[in-house]
Amino acid sequence: MSPENQQATGNINSFNNNNSFNNIVNFITEIDDEGRQILQWLSPLEPQQRHHDVRADRLDGVGNWALETSEFRKWRDEEDGCVDPVLFCCGNPGVGKTYVR
Amino acid sequence: MCDHAGHKGVAVVGLYCDYLAQQEQSTPNILGAMLKQLVNRGGIPGHIREGFQKAKREFGGRGLRLPDMVEILKKSITSLQRVFICIDAVDESTPKQRRDLLESMQEIVRVSQNTRLFLTGRPHINDEIVRYFSQALRIPLSPTHGDIKGYLEMRLKCDTDPNAMDDKLRADIMRIVPEKISEM
């Protein structure tokens, strides 16, 4: 596990769930039977699976320029209430919107 | 974005809309999937557990209605320092789903100021987004020359039939494809 993942393990950063065997084990032991039913009750969707696929398919570095723009940095870093909380990345089909990191 | 979530109390949740899954991606299901990601690691909060038991007892296990879902989401976000919600391909949901989703998100970012919402979609839904979020920041995306070159090199390296490739064809691909894309 990379140091980055280790750091994220204690957080609710659920995208990392599928990344390592360790995390999967934690996930299974932490959630009881009713817990699993509750998750299913909340939603049948499993977006983590799609995220895992996109991540595996992504070429590192592509689209990173978008994360360096002042709009993105402002949106990510400013204090609550000092910036509009919504960032819209728009583009035509196939430009790589899904694959921005 | 997950790389920046290494702080305690920061959560990133992500959703993908898909033309092919319009049936399942009702707005309650989408919001429910956000909740699932939020509660996943920290154990299920008591109020959600109680809601589930009540639904089981009184409504035959019926799923949450949209307004209840919005309330629970707001409550779950409050206990965190910051929550990033990312929704990919907003344009791939139906107009009704989009209206419900954007309305719910509008309410959530209004009340829970520690929320940041990241949306992607085709340019034609820009007006719709602005109707709900008039000050939304906007980044038009298109691949840079470097993005295209990097991607082509990666694909050429994975070529399953390398014998069909020669220097001229490779040079043509590296020249013509970026040209055509920048004309689009």
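Letters A, B, ... are given to chains in the order of the sequence lines, protein chains preceding strands, and every chain is numbered from 1.
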Legend entry - Which portion of A:Glu79 sits near chain B, non-hydrogen atoms under 4.5 angstrom: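 Backbone of A:Glu79 only, per the 4.5 Å heavy-atom cut-off to chain B.
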What part of [X] gets closer than 4.5 Å to chain A, counting heavy atoms only: side chain, backbone, both or neither?
X        : answer
B:Phe133 : side chain
B:Ile148 : neither
B:Met69  : side chain
B:Ile85  : neither

Legend entry - Minimum side-chain heavy-atom gap B:Met105-B:Met34 below 4.5 Å: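 Counting from C-beta outward, B:Met105 and B:Met34 do come under 4.5 Å.
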Legend entry - Pairs where residues 150-169 of chain B contributes a residue and the test salt bridge (charged side-chain N to carboxylate O under 4.0 Å, His left out) is met, not counting sequence neighbours: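 Qualifying pairs, neighbours excluded: B:Lys168-B:Asp172.
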Inset, instruction - Return each pair, listed once, that meets salt bridge (charged side-chain N to carboxylate O under 4.0 Å, His left out) where at least one residue sits in residues 55-76 of chain B; pairs must be two or more places apart or across chains. - result: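 Listed by first then second residue: B:Lys54-B:Glu58, B:Glu71-B:Lys74, B:Lys74-B:Glu107.
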Inset, instruction - Heavy atoms only, distances under 4.5 angstrom: which of B:Pro28, B:Ala33, B:Ser134 has the most pairs with chain A? Name it, please. - result: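 Ranked by heavy-atom pairs under 4.5 Å with chain A, first place is B:Ala33.
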Inset, instruction - Among the options A:Gln40, A:Gln37, A:Glu46, pick out the one with the most heavy-atom pairs lying under 4.5 Å from chain B. - result: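 Among A:Gln40, A:Gln37, A:Glu46, the one with the most close pairs to chain B is A:Gln37.
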Inset, instruction - Assert yes or no for the condition that the ring centre distance of B:Phe84 to A:Trp75 is strictly below 6.0 Å. - result: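 Yes, the ring of B:Phe84 comes within the 6.0 Å limit of the ring of A:Trp75, centre to centre.
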Legend entry - Donor-acceptor contact below 3.5 Å, side chain B:Arg82 vs main chain B:Arg116: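 Checked: no pair found.
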Inset, instruction - Could you verify whether a donor N or O on one side chain and an acceptor N or O on the other, from B:Gln53 and A:Glu34, lie under 3.5 Å apart? - result: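 A donor-acceptor contact under 3.5 Å links the two side chains.
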